[in-house]
Amino acid sequence: MEWMVWTLPTTVFFSVIAAMLAGMTVWEVVQPTVERKGFLPISTTRGDRLFIGLLSAAYLHLMVVGFTPLSIWWALAGSVLWLLVLIRWG
Amino acid sequence: MNKVYDNKAWLLILPMLALVAFSAIIPLMTVVNYSVQDVFDANTRFFTGTEWFVQMLNDPALQSALLRQFAFSLTVLCIEVPLGIGIALLMPKKGWQASAVLILVTLPLLIPWNVVGSIWQIFTRGDIGLMGWGLRELGYEYNITRSAVDAWGTIIIMDVWHWTPLIALLCYSGLRSIPEAYYQAARIDRASRWAVFRFIQLPKLTNVLVIGVLLRFMHSFMIYAEPFVLTGGGPGSSTTFLSQSLTTMAIGQQDLGPSAAFSLIYFLIILLVSWVFYTAIMNMQKDKEGGA
């Protein structure tokens, strides 16, 4: 796998994504999702909310890294919090 | 009614998944890896973290290329969608005329991007090109290598010429699928031509228009060959769109790290816009079905 020039952060990143997808699959089997309407303007399933959470996390990271002097870890913390809120109440 | 869910069919997409893994997922992962490093060769590489992203996001040339890109995509969408619907409405419905017009309308779609660029390059030349020469004879100093307005106008006309047929074709097939009974009912109600369009044809076209607009947005947002051949991004950088900036960086300068970071930002923008658009339209439809 050396040709893909892995680094520790990217390995962790993709492992977490893969774990999330696997986790969502297990969760879906144990307890199938029901489409519902939370604070988001559209009704969503659990997978929709995960996608929205990940996409907005990407943008949050870009904004924080590109346009503020804040550390990227703040963006990560904010994203995790946002993802949890989104999955629960979105 | 009890629906039995059998998810075994999902296993059938496994071969496709493997294919996509090699054609899209793994390359994308490689891009992510490159975006956080400065790679010189297989053995010499340095971890740079977020540096490339900071650099790319604050690059004024890329920021203006992004704005130009949005301006371009919105302009061609605003022209091509109404024009495509209009053409589809005017196309003959049966007989040999239908086939003939269909072929004529579709013809530009068959021409490869580079060739389209070359055709327009020659077409707009002041000395031998019909359009360039004609406009000059009419007294307009038309020059796509000097005037940014001329270059922009020409690229937009070129894109409209190349891709409006796609919208027209999609709308034509959408229109053909409307049952005759709808029109009969409209005639009984003495509905005007506009009312028929607004309340029968347009709603029935929603699905094909979603596909059309999505395809056109993504295509136009990734446009490369046509403006590259026609203007080379000039005059100055007035028609340098995102993919051309990216190519210059990745191929011309071999800056793999920055261009990987830039590619990811590019990808995220396309992903977001397409998703927002798709969701918005799908929800509009759901609301309509719920209300009816």
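Labels below follow one simple rule: chain letters A, B, ... track the order of the sequence lines, proteins then strands, and each chain is numbered from 1.
- Side chains of Leu8(A) and Phe47(B) form no contact here, defined as non-hydrogen atoms less than 4.5 Å apart.
- Residue Phe14(A) holds its CZ atom at 6.5 Å from CG of Leu28(B), rounded to the nearest 0.5 Å.
- Heavy-atom neighbours of Phe22(B) CZ from other residues, nucleotides or ligands within 6.0 Å: at or below the threshold of 12.
- Only the side chain of Val36(B) comes within contact range of chain A, with heavy atoms under 4.5 Å apart.
- Both the backbone and the side chain of Leu62(A) have a heavy atom closer than 4.5 Å to some heavy atom of chain B.
- Judged by distance alone, the side chain of Tyr59(A) and the main-chain N or O of Ile269(B) form a donor-acceptor pair under 3.5 Å.
- At distances below 3.5 Å, not a single donor-acceptor pair connects side-chain atoms of Asn58(B) with backbone N or O atoms of Phe67(A).
- In this structure, Arg45(B) and Trp6(A) approach most closely via the heavy-atom pair NH1-O, 3.4 Å.
- Contacts between Leu264(B) and chain A at a heavy-atom distance below 4.5 Å are absent for every atom of the residue.
- For CZ of Phe197(B), the number of neighbouring non-hydrogen atoms (other residues, nucleotides, ligands) closer than 6.0 Å is greater than 12.
- Within 6.0 Å of the CH2 atom in Trp74(A), the count of heavy atoms belonging to other residues, nucleotides or ligands does not exceed 12.
- Pairing each heavy atom of Asn33(B) with each of Thr7(A), the nearest pair is OD1-N, 4.2 Å.
- Note that OG1 of Thr279(B) and CD1 of Ile52(A) are 7.0 Å apart. Values are rounded to the nearest 0.5 Å.
- Looking at Phe53(B) and His61(A), their side chains never come closer than 4.5 Å, going by heavy atoms from C-beta outward.
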